[in-house]
Amino acid sequence: MSINIKSLIPVLEAQWTGSDSDVFVDHISIDSRSLQNGSKTLFIALSGVNNDAHLYIEELIEKGVQNFVVQYIPENVKGKASFLVVKNTLQALQEFAGYYRDLFIFPIIGLTGSNGKTIVKEWLNFLLSPDYNIIRSPKSYNSQVGVPLSVIAINEKHNLGIFEAGISTVNEMVKLEKIIKPNIGVLTNIGSAHDEGFKNLEEKIDEKLLLFKNAAVIIYQNNKLVDECLVKLNQEYFSSERVLFSWSFTDESADVFVVKRVNEDETTSIQARYGNEIFDLEIPFSDSASIENAISCLLVMLYLKYDAETIQNRFQNLYPVQMRLEVKNGINNCSIIDDSYSSDFQSLKIALDFLESQQKKNASKTVILSDIFQSGFSNEELYTKVAQLIADNKINRVIGIGSTISSFAAKFSNCTTFQNTAEFIAEIESLNFENETILIKGARSFQFEEIVSLLEEKTHETILEINLNSISHNLNYYKSKLAANVKLMVMVKAFGYGNGGLEIAKLLEHHKVDYLGVAFADEGISLKNGGIKLPIMVLNPESTSFPSIIQYHLEPEIYSIKGLKAFLKIAREKNLKDFPIHIKLDTGMHRLGFEENTLDELIETLRGNSTVKVKSVLSHLSTSDEERHFDFVRSQIRLFETLSVKLITALNINPIRHILNTSGISNFPGAQYNMVRLGIGLYGVSNDPAEQKYLENVGTLKSIISQVRTIPAGDSVGYGRRFMAEKETRIATIPIGYADGISRLWGNQVGYVVIKNQKAFILGSVCMDMLMVDVSEIDCKEGDSVIIFGENPTVTEMATALKTIPYEIMTSISQRVKRVFFR
Ligand SMILES: *Cc1c(COP(=O)(O)O)cnc(C)c1O
């Protein structure tokens, strides 16, 4: 793409402020962190309720970006770059994408539905790629932002597009239709997901079908409701004639009728009738969702006039789709980003941005990359572009695997190549992977999953999966409750409440929270060592840690005269000036803090002292979630007001004041002062069931089944024979125990795990490293996935049964449980 920005003025109905001459860009970005931003970038400053990209413009200008689409020009950047000023930047992104889409005339497949969109898209890409240069949405980029970003990646070499559109409420699809304008429409399974946004199923279907407004054909599973909606939409909105192309397991009048379906262990054979022809097809999956998705793909191939033999051949190799980028702990202090199932230019760009966002300080960056397929460009052009992209992302070493990339090794600055994966694996020891963030990205045929499994740290199968998007969602939810100019401190003590300290801190830093809070100095030091620049308050600094607090620029909370004097002594010795400290007042919690009767001494000690500066004054509520104590909370807030005013007046200072924790934010909005301290809410837990609905689950504790056996009536299970089988019982052993943080009180049929969406109660006692569950009624086998907590059961449910609080459950998950972060 090369676009003269000024040609966009009428398209976006924008006002132009900036350079008089024509300006060309070849890259559109909305991500301020991307290292791909540069002088040829047009940065579109999206402005959400909570995250305003206008705040990053100054940084971006420093990094060389010259052109911006904005809603307003921030004071600090006036005259420093060129701006297209529009009413709404999201709308501008969408309008630009629609305009850009119209520059291309090749066929585009548009997918929507509640389930299966991403899988059908990936499979179609696989099935059709021998014949087309395909552009498709990366991963599941199907939102109001994801769709335009996917579409603007089209280039002149593509000759088929596959894009998915996802919506959660009415009036969203019209916008996505204008951007994708599919010629071939595919409606995947419509299920009941996202129903909250719609009055009923019919409204949801109506809205989804709007994607096909201008399509020449609509492919769908025969269904009365869909048919009715189509008739209605045909009359009301749709202009041109279109073909309906349907399939069914039950309705013989469908265009493709599945006559027979035979499930075997891992595969399914179907026999289908299409016109006068009957043909057989083997699908290498046995679950219903995969069969439906495969049949959607079949119809697209039939519509594109593929013959039965080609279809049969290509279907044999359908594979499980990896839906997302995953970060895993690697050997020798490496982190692994696993993207071992695809290699195309567009998804490489996205994976490199993800790598950057996961990058730890002092680690170097490595990319293991296979040959890249179906770009449409000549290899010379393609690998020149890839090498440029790798250079922009400041990748320290590249390992190319495959004969094509090997022949272009000279284009990369530090590149080792191998003809195939086996050759690489033979040499893996000598490559000395250590302290690196490694992106592993390869086409399926290269079987890079073998590389991932070699470089992955070997731990047991139990993991705590952390959804970083949910953390952002919860953060924004609480931000929306804050009055203007109220700052936000986020508590990341105890490894981010057990969810992972550094990774979460990095995300919070990107979201521009104002402060982080930790319990002890060493927690703060490890964040600073990891590259965190946000100010960090240490709640409980021991005197012995004062020197390192100063060395690492952590900010101590001072809660006693003794502590203050000790800190002042060191501060004087080190000749500090205005070193930030935080004064904690005890207003009723009776844990840490200056009480009313020590205030005068505090004032006298601080008066005239210039080695330290009181950055903030705080107190902590002893209860903010129990209505029966609300009067007490109000008295705490009143006392905080009195004491803090006294301190501030006597010292003539103007510090930040703060007292609210998570449930305080919800229940005492009038006491936000200048800052609040968010904790448990960020991690998706609220004490208030009404509020809980607005939060997203962050952590999912998962394991797998190690072994399954059936025991006869009368036999027992586990230590102490605490479970006696009354009848024949099928039991599964799960490799997680009390050493991982599962309370023994959860055993003996009090607690359960979830396998295949069904409850499996724990039989007998929880052991140190294992527990056994009842799977008599569950169709499961060794290796199947097991959920200990997450969306079901929730930590809150578990806490209630165990007579404790979610905080304890979350922070008890042992550090030997591997944390896996994903978006
Ligand atoms: C842990 C903590 C918080 C956060 O509490 P939540 O209930 O998790 O929101 C706030 N302030 C202090 C002093 C804390 O120790």
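Computation of the quantities below employed the complete heavy-atom set of this structure, encompassing side-chain atoms and omitting hydrogens, waters and symmetry-equivalent molecules. Start at 1 and go down the list; that is how both ligands and their atoms are numbered.
Under 3.5 Å, the side chains of S34 and D31 contain no donor-acceptor pair of N or O atoms. If you check the side chains of N697 and T794, you find no donor sitting under 3.5 Å from an acceptor.
By the salt bridge (Lys or Arg N to Asp or Glu O under 4.0 Å) test, E59 is found to be paired with K512, residues two or more places apart in sequence or in another chain being considered.
With respect to D353 and R33, no salt bridge is recorded, no charged nitrogen being found less than 4.0 Å from a carboxylate O.
In this structure, K759 forms a cation-pi arrangement with Y752, its terminal cationic atom sitting closer than 6.0 Å to the ring centre and no more than 45° off the ring axis.
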Between ligand 1 and the protein, which N/O pairs are shorter than 3.5 Å?
residue  : atom   : partner : partner atom : Å
ligand 1 : 7 (O)  : N661    : ND2          : 3.0
ligand 1 : 7 (O)  : Y807    : OH           : 2.6
ligand 1 : 8 (O)  : Y497    : OH           : 2.6
ligand 1 : 8 (O)  : I680    : N            : 2.7
ligand 1 : 9 (O)  : T662    : N            : 2.8
ligand 1 : 9 (O)  : T662    : OG1          : 2.4
ligand 1 : 9 (O)  : G679    : N            : 3.1
ligand 1 : 11 (N) : H620    : ND1          : 3.4
ligand 1 : 11 (N) : R677    : NE           : 2.8
ligand 1 : 11 (N) : R677    : NH2          : 3.3
ligand 1 : 15 (O) : K493    : NZ           : 2.6
ligand 1 : 15 (O) : R591    : NH2          : 3.3

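Two rings, from H620 and Y559, have their centers 6.0 Å or more apart.
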